[in-house]
Amino acid sequence: MTSPDQNPLPQNYDAAAAQAAWYPRWTEHRVFTADAARAADHEPFVIVMPPPNVTAVLHVGHGLNNTVQDVLVRWRRMAGDEALWLPGTDHAGIATQNVVEKQLAAEGRTRFDVGRDPFVTRVATFVEQTGGEILHQLKAIGSSADWTRTAYTFSPELSRAVREAFVRLHEDGLVYKGHRVIHWCPRCGTSLSDEEAEFTETAGKLYHLRYLLADDPSQSIVVATTRPETMLADVAVAVNPDDERYQALIGTTLLLPLNGARIPVIADSYTDPAFGSGAVKITPAHDANDFDVGKRHALPMPVIIDADGIVREVELAAGRVPAELAGLDRFEARTRIVQLLEAAGALVKIEPHQHSVRHCYRCDTVVEPRLSDQWFVRMQPLAAKALGVLRSGELRILPERWEAVYVNWLEGIRDWNISRQIWWGHRIPVWYCDACGKTDGATPIVSRTDVTACPTCGGTVRQDDDVLDTWFSSWLWPMSTLGWPDMDSADLKAFYPGDVLVTAPEILFFWVSRMVMSGCWFMGKAPFHTVYLHGTVRDMQHRKMSKSLGNGIDPLDVVRLYGADSLRWTMVAGLGLGVDVMLDPNDLDKSFAPGRNFCTKLWNIARFLLSRVGTEPVQLVDVLDADSLTAADAWILDRLDQAIADCDAALGPARPANGEAWTDAERGRGLRLSEYAEAARRFVWNELADWYLESIKPRLAADGPDREVARAVLAHAFDGALRLLQPIVPFITEELWQQLPQTPRNAFIAQAAWPRPRFTRTPAGDAFELARSIVQSIRQVRNENGVQPGAWVDATLVACNDIAAALAPQLTVIGSLARARVTLSDVAPSGAAAHAVVVAGLDLVVPLAGMIDLAKEAARVRAEQAQLDTQITALEGRLSNEKFVSKAPAAVVEAERAKLAEWRAKSDQLAAKLQSFGA
RNA sequence: GGGCGAAUAGCUCAGUUGGUUAGAGCGCCUGUCUUACACACAGGAUGUCGGGGGUUCGAGUCCCUCUUCGCCCACCA
């Protein structure tokens, strides 16, 4: 036997050392590298990583997101799947361009000073030099991604996919160029999609303006607007055709204040008679709804705000902007125009007005609706397919309530503006030939390859200036990273479609829905069968962690202070399905000490095991003679099986059982990460360490065959625990597993087999369960009576025959765990003693001469009996209720009767006890 | 304006198809450096399951309603 002094493990776990040791070894041995060929006879399990922005640095949200993915991938890898977790980064058009533009601004320059090509080169260089840092940071938290397949949305391969998708959709009639009002960010200088223009509730003002009739200044119409500056571009005032107040005015002409433009009063049912005055000014070039009205009535569409948000006569607006307003910023212009209107007597009133204003999701600038030419994707046909796969069960979303949100969005989907007026991104693969008059964009050249000369006339061509929305490359991610559009790609054949997509709800529309659409359209199959939307990391005030609030937690700080496993443990243990994770940025210890403490517990179990079990070979539990197992052995093996079953039930199923679609019964199941963590924790801590390990100390100290049995069972149980925990805490489990006596050489727990239940529940296991109850009763008596922790007490178990027989072999273990000299008897000893009824038919008597306050003990027993009798009365009432007995299921009634018998027996025992001390 | 979700111990949350003594972790209280672990061990206290009404033999669980909080969507001029 190895002495404790020779313990192969140091006293404390060195997380940093374990991380530094194991991660490189895993990658050297290609543990994370998926093999397309092997996927032929192993179930593939594929997760594509939501690509972080190439300039991003790891924050706690990434930490959570990637930990979840890593847990799932590590689980399936152990379960024997050919697991692929495909990592990469997103070139993040607007965001990355903004970073470099800020650098330029510091030099006092703009991208226009630099010029397009040099600017793009500069961004590319910047990305090359500093980008992708986050991928290294992901390694520090243990992410088991297949780095040999690392992808980038702007790589030549993925750029090819982008072009293919654009051209294919154009051929399918789903890509078109449109002239309409879109969301424009004057700061970024580009259009945005509907999703990129986020609503913010704003306390604004509603300005009521009076427009006079051109032919009769005594008559007028009052209109209300939140953006008075747009009045310069008004082309009509619309009233509801059924609004009796305005019948006489329809068709008359109004005189616009400030610029004197003459505009008609028109009738359009868009106008809500109940809002404001029931008349609405129409500004087709600067409001999406007004644009529709303008089209219906063939109105002119003057543009008076330019790309930079400056008010001037941009297009079809001659004479509309007074000289004193030209050149003003749109918000300065608003202030000035209100002053001018007031001076002109045209301002009726200003009211406070709560409304939602769209802001740029990248720079938070107020978005300006603006008329321009843009490329769009017609979404309805794509959305129909994305709805179809959800309805068929080919796709599910967890938590399930998000499915309704997904359906709602897809059913009301609008066309997607995919062109951006920035420079960093995939240039739109469209060329125009000025020579043959293809300049209006009606019949441009759309090509998979670069076009250098006009195919019709051989003249010079110029490429469309715009680039594509970043999300137009990300929506192809599950295919493009596997080699699409090359349908012969080994990866695409082996790993498409994938399995689970893990992300936060914020990008359900931006990204997830669109990936489903592109997968269905181009591959005929949804790219995954499960969307798992996890919660958000928040602080103790439930605020989202963010840089601007300064309430963030740097995951790398946590790794340094507590270790990567502690970070992972905390996140997984706190991750109920769809529930936010609360962490305290001001008290990291409170948040992460539980993870560290858990690792320490594992470490100490291993220290005990290695010093007492030793490193000599142990027998496999399979070959042990079943009769040689003690009740404790049978019990812990049973608890291990239960833990495995609990973990499996919490995590799985990994995929639809029929391989095609989720059944209703399966649909909401699995991915309960916190339940999985709790099941594993409970086993290793509350069962293995607290009970089994304590119970076998005497057996390990002795020599002989029973010691070998205990060694074998302990080693097996701890091995199982480590395997169950590997996906959550990969570093410490690897570090410890490598040292177990039964671990094969040159193996990693990271690719060891996931455990399976093997043993059946036995009466012996139940006997240990009873022994535990007795130990707890004795300890309770000791505590309540102030017995010195080190002192031994006498304890008599008064048991009926059946129980006594099962208990006889357990007396030693009960005694050592409770520090009691335990005897079995059929009569209670007399004298002052503490009493407890463990179960019906089993009394515990602990004589504590001189330590027992008889009156107090009697009061305690009496109180216990009183409570029991109350419950008995209630139960008797229930059982004498004819309706209950006749209507409730027989099994329920039977169980209630059994319970009543048990309680009555217990009550009788308590009564006897009271009588025994003459109370 | 439409839709969805939540409300259970001081805090964060579990509570499966209604089945009757409502659970966990953290925190709190008492005791202990018991030969792996004080980052630990043993024991303990704490809930009119948001309010009201209903269905049922039986409701934390189902229905209605009210209150509070959160999320999503929307052409809130």
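Naming: A, B, ... by sequence-line order, numbering from 1 per chain.
- A stem is defined here as three or more consecutive Watson-Crick or G-U pairs, each with both distances under 3.5 Å; for RNA chain B these stems are B:1-7 with B:67-73, B:10-13 with B:23-26, B:28-32 with B:40-44, B:50-54 with B:62-66.
- If you check every strand for non-hydrogen atoms under 4.0 Å, A:F509 touches sugar and phosphate atoms only.
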Classify every nucleotide of nucleotides 15-28 of chain B by which part a protein heavy atom approaches to under 4.0 Å, writing B for the base, S for the sugar-phosphate alone and - for neither, in 5'-to-3' order. ----BBB--SS---
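- Of the N and O atoms on the side chains of A:E351 and A:H208, at least one donor lies less than 3.5 Å from an acceptor on the other residue.
- Taking A:D14 as the reference, A:A16, A:A17 meet the side-chain contact (heavy atoms from CB on, under 4.5 Å) condition, with sequence neighbours excluded.
- Taking A:Q642 as the reference, A:D646 meet the side chain to side chain donor-acceptor pair (under 3.5 Å) condition, with sequence neighbours excluded.
- The list of salt bridge (Lys or Arg N to Asp or Glu O under 4.0 Å) pairs with a residue in residues 266-290 of chain A, not counting sequence neighbours, reads A:D234-A:K281, A:D268-A:R296.
- Among residues two or more places apart in sequence or in another chain, the side-chain contact (heavy atoms from CB on, under 4.5 Å) test is passed with A:N12 by none.
- The separation between A:E876 atom CD and B:rG58 atom P is 19 Å, rounded to whole Å.
- For RNA chain B, the residues of residues 397-406 of chain A within the heavy-atom distance limit of 4.0 Å (strictly under) are A:R401, A:W402, A:V405, sorted by number.
- Residue pairs meeting the salt bridge (Lys or Arg N to Asp or Glu O under 4.0 Å) criterion with at least one member in residues 663-672 of chain A, sequence neighbours excluded, are A:E403-A:R667.
- Across all strands, A:A874 comes closer than 4.0 Å to no nucleic acid atom at all (heavy-atom distances).
- Partners of A:N289 by side chain to side chain donor-acceptor pair (under 3.5 Å), not counting sequence neighbours: none found.
- Taking the side chain of A:N597 as heavy atoms from C-beta on, and the options B:rA14, B:rC75, B:rC39, the nearest nucleotide is B:rC39.
- Scanning for side chain to side chain donor-acceptor pair (under 3.5 Å) contacts around A:R711 gives A:E708, with sequence neighbours left out.
- Listed by chain and residue number, A:L387, A:R391, A:V407 satisfy the side-chain contact (heavy atoms from CB on, under 4.5 Å) test with A:E411 (two or more places apart in sequence, or in another chain).
- Remark: A:A279 engages A:I221, A:V223, A:V237, A:V239, A:Y246, A:S277 in a side-chain contact (heavy atoms from CB on, under 4.5 Å) (not counting sequence neighbours).
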